[in-house]
Chemist: 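Next up is a structure, given as structure tokens.
The chains referred to below are lettered A, B, ... by the order of the sequence lines, with proteins before strands, and numbering in each begins at 1.
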There are 2 protein chains.
Amino acid sequence: MSHSVTDSTVLLGHGSGGQMMKRIIDEVFLDAFGSPELLEGNDAGVATLPASGRIAMSTDSFVVSPQFFPGGNIGRLAVCGTVNDVATSGANVRYLSCGFILEEGYPMDKLHQIVQTMAETAHEAGVSIITGDTKVVERGGADGVYINTAGVGEVPAGVALSGANCRPGDVILVSGTLGDHGIAIMSQREGLAFSSTIESDAAPLNHLIADVLSAAPDTRCFRDPTRGGLASTLNEFAQASGVAMEVDEDAVPVRPGVQAACEMLGYDVLQVANEGKMVAVVPAEQADAALSAMRAARYGENAAIIGRVLPLESGARPAVRVRTGWGSTRILDMLVGEQLPRIC
Amino acid sequence: MSHSVTDSTVLLGHGSGGQMMKRIIDEVFLDAFGSPELLEGNDAGVATLPASGRIAMSTDSFVVSPQFFPGGNIGRLAVCGTVNDVATSGANVRYLSCGFILEEGYPMDKLHQIVQTMAETAHEAGVSIITGDTKVVERGGADGVYINTAGVGEVPAGVALSGANCRPGDVILVSGTLGDHGIAIMSQREGLAFSSTIESDAAPLNHLIADVLSAAPDTRCFRDPTRGGLASTLNEFAQASGVAMEVDEDAVPVRPGVQAACEMLGYDVLQVANEGKMVAVVPAEQADAALSAMRAARYGENAAIIGRVLPLESGARPAVRVRTGWGSTRILDMLVGEQLPRIC
């Protein structure tokens, strides 16, 4: 990484709207992101969007602690998180905004590294960062760096994915191993040493989604199981669709190191956060095609069919249950409160 | 304001992705914002956008301290700031995202009030909040509440505004009095008492911009002079266009209370932040039409023509000068560093 940034730490003046702010924008942000829209230097980025008539928009703020961890940093999360959220609508993700909240005194070389990672991840995802904002707060006003991204894409005609679309008989797929991100952060934060380093799975999944949608055009919905893990995603789907769901525990891909860490820490891996996984619900007759497309896509090699959608029994409320390897079942609830603060 | 929120303060669990997060979303955000796109409950909001083929996008994070001040609160700023930034492109502003970073322990009724203000301001501006995100950080990880908004609008065919478009002979307008926001925050923060309360000017100016653009279709550019004030805006225009600019100090509208406060505090009012003012550069022959349109628009009653664009003298670099009431001139520079941290 070669760069020449005039200031070695972030100073309050970098958020001033004056000459110092121009300097951090020129030296750190424009240098890395460099889209024509940003270089134009106006308050809004103006960009083309094919005329499908519908857009998808999503946003996430990232406050992960620590900012650097095995498998990535807050910059990779900030791009992947929003790209994946927009992509769940079936949209072709095109543009990102990014807003930085920086703590006075944050090392400029770390910021540069984060920004460089954002640029690389945006390039990998095929999206452009077209507008941004920088605020600086005094020491103690934030913990290093917080990043917000918002993303926009165009939704192709005829695509209308929603968590409310699940129907009894549908099949549930996941694009790979669960729990990697949450356990990677937790290990790093608490200085836990497991036999092998567990890496965050943070990855942009927009191309994987496009491939699945092409192979299984009647896909009901996608969602990336971030905070709250698979448990939150499936409970949200079940409630929105008014159905029950059943997961075969043995079918859920989990790395042995993650499984061991969860047992040690007392976590249910189905409630642990992921940042590079996608859950899909598809009609049964397209399940094999969806699975093949996932496995053929980058980041999807461990994809699996993990369960099914069931009708609600009369009088029952929407719920998710897990069928264990022993043949017993248990209810998979959403987390009540906080398991791992500042996981993303 | 009537509401029933289960929890009296923000807790870490409200950012968990689990049941407590669902509760704060349902009780605080959906209740106030309630757009169909949000109520759909998916990770991305999907909305229609007429097929102009071009969008404008902008983002700002808001970290203002204090969060409540005469004339508004951080919620009003968060909506107006992004609406105005998107509108400067000439776009019809349509959709906002919002991302909250909340400090554990923040009073829920204050959050509710901020969110209510955002909903009212969005309604006034005619924009919908279609997607959002909530993160909670531990005590000391933020100062109460930080808000990011991003906004999207469609740019009508033929509209191509840019700070690089200014030409010698053009006329500079401002939509009202300068310095109100910066001095309102500063007074509130430092407990300064002036003879009259100075209120923030935070206001959505998208309708004012549309009116000016309709009356003066060859308008070169708009920009809202926030951090860095008029000085930053005009220096940015001058540099982007490779021109000189001249401001008639006596023509700049300033409230007497703001003028007095600036003199007391040693500020140049032309460098103080505004949150409800628009600078426009228009060709001379459309200046009167632009001025009339501004004055007829809401928030534009004190609009004025304040200066002109001049050719660069040979060998000179782009600069802005102020002609004082005494006939002398001075250079109006961008602020170097920070004048008023966390002004927005």
Side-chain angles (χ1 to χ4, degrees), chain A residues 12-13 15-20 40-49 51 53-61 63 85-86 88-89 91 95 97 99 101 130-133 135 137-138 140-143 146 148 150 152 155 162-163 223 226-228 232 240 334-339 341-342, chain B residues 12-13 15-20 40-49 51 53-61 63 85-86 88-89 91 95 97 99 101 130-133 135 137-138 140-143 146 148 150 152 155 162-163 223 226-228 232 240 334-339 341-342:
Chain A
L12 279 175
S16 64
Q19 294 179 30
M20 285 179 65
E40 182 89 6
N42 291 311
D43 276 356
V46 174
T48 58
L49 202 64
R54 282 188 309 156
I55 62 161
M57 184 177 194
S58 191
T59 191
D60 261 330
S61 298
V63 298
D85 281 349
V86 176
T88 59
S89 69
Y95 303 114
S97 64
I101 297 176
I130 63 168
T131 187
D133 176 57
K135 293 291 189 309
V137 296
E138 67 283 11
D143 183 9
Y146 298 153
N148 176 284
V152 171
V155 184
S162 172
R223 190 157 301 176
T226 57
R227 286 176 289 174
S232 278
M334 287 173 94
L335 282 171
V336 177
E338 187 54 286
Q339 179 190 58
R342 294 184 55 193
Chain B
L12 279 175
S16 64
Q19 293 179 31
M20 284 179 65
E40 182 88 6
N42 291 312
D43 275 357
V46 173
T48 58
L49 202 63
R54 283 188 310 155
I55 61 161
M57 183 177 195
S58 192
T59 191
D60 261 329
S61 298
V63 297
D85 280 349
V86 176
T88 58
S89 68
Y95 303 114
S97 64
I101 298 175
I130 62 167
T131 188
D133 175 59
K135 293 292 188 307
V137 296
E138 68 282 13
D143 184 10
Y146 298 153
N148 176 284
V152 170
V155 183
S162 171
R223 188 156 302 176
T226 56
R227 285 175 291 173
S232 278
M334 287 172 95
L335 281 171
V336 177
E338 188 54 287
Q339 179 189 59
R342 296 183 55 193

Chemist: So what's closer than 4.5 Å to chain A heavy atoms on B/I130: side chain, backbone, both or neither?
Modeler: side chain
Chemist: Looking at A/R54 and B/V46, would you say the former's side chain and the latter's main chain have a donor-acceptor pair under 3.5 Å?
Modeler: no
Chemist: Would you mind telling me which of B/G163, B/A47, B/A91 has the largest number of heavy-atom pairs within less than 4.5 Å of chain A?
Modeler: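 So the answer, after comparing B/G163, B/A47, B/A91, is B/A47.
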Chemist: Let me know if A/S61 has heavy atoms under 4.5 Å from chain B in its side chain, its backbone, both or neither.
Modeler: both
Chemist: Any side-chain to backbone donor/acceptor pair from A/S58 onto B/D43? Under 3.5 Å, distance only.
Modeler: yes
Chemist: Pair B/M20, A/L335 - check side-chain contact (heavy atoms from CB on, under 4.5 Å), show working.
Modeler: CA-CA 8 Å; B/M20 284 179 65; A/L335 282 171; over 6 Å; no
Chemist: Looking only at heavy atoms and a cut-off of under 4.5 Å, which of B/G140, B/P341, B/S89, B/G337 has the most pairs with chain A?
Modeler: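 Counting heavy-atom pairs under 4.5 Å, the top option is B/G337.
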Chemist: Considering residues at least two apart in sequence or located in another chain, which fulfil the side chain to side chain donor-acceptor pair (under 3.5 Å) criterion with A/N42?
Modeler: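 By the side chain to side chain donor-acceptor pair (under 3.5 Å) rule, A/N42 matches B/S162, B/R223.
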Chemist: Would A/Y95 and B/I55 count as a side-chain contact (heavy atoms from CB on, under 4.5 Å) here? Give the steps.
Modeler: CA-CA 10 Å; A/Y95 303 114; B/I55 61 161; 4.0 Å; yes
Chemist: Identify which of B/V86, B/V152, B/D60 forms the greatest number of heavy-atom pairs closer than 4.5 Å to chain A.
Modeler: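 Option with the top pair count is B/D60.
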Chemist: With chain A, which of B/T226, B/N148, B/T48 has the greatest number of heavy-atom pairs at distances under 4.5 Å?
Modeler: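 The option with the most such pairs is B/N148.
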Chemist: Considering only heavy atoms, which portion of B/V63 lies under 4.5 Å from any heavy atom of chain A: side chain, backbone, both, or neither?
Modeler: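 Side chain of B/V63 only, per the 4.5 Å heavy-atom cut-off to chain A.
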Chemist: Hey, which of B/G228, B/G53, B/G99 has the most heavy atom pairs under 4.5 Å with chain A?
Modeler: B/G53
Chemist: Is chain B contacted by the side chain of A/V155, its backbone, both, or neither, given a heavy-atom distance below 4.5 Å?
Modeler: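 For A/V155, the contact with chain B is made by the side chain alone.
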Chemist: Does any non-hydrogen side-chain atom of B/V137 lie less than 4.5 Å from one of A/Y146?
Modeler: yes
Chemist: Is a donor on one side and an acceptor on the other found under 3.5 Å between the side chain of A/S232 and the backbone of B/G17?
Modeler: yes
Chemist: Looking at chain B, which one of A/G45, A/A150, A/G15, A/G13 has the largest number of heavy-atom pairs inside 4.5 Å, strictly under?
Modeler: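 Looking at each option in turn, the highest pair count goes to A/G45.
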Chemist: Checking A/A142 against chain B: side chain, backbone, both or neither under 4.5 Å from a heavy atom?
Modeler: both
Chemist: Side chain, backbone, both or neither: which part of A/L12 has a heavy atom under 4.5 Å from chain B?
Modeler: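 For A/L12, the contact with chain B is made by backbone and side chain together.
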Chemist: Checking A/R342 now: which residues fulfil salt bridge (Lys or Arg N to Asp or Glu O under 4.0 Å) with it, not counting sequence neighbours?
Modeler: A/D143, B/E138
Chemist: Rounded to the nearest 0.5 Å, how far apart are OG1 of B/T131 and CG of A/D85?
Modeler: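 So the OG1 of B/T131 and the CG of A/D85 are separated by 7.5 Å.
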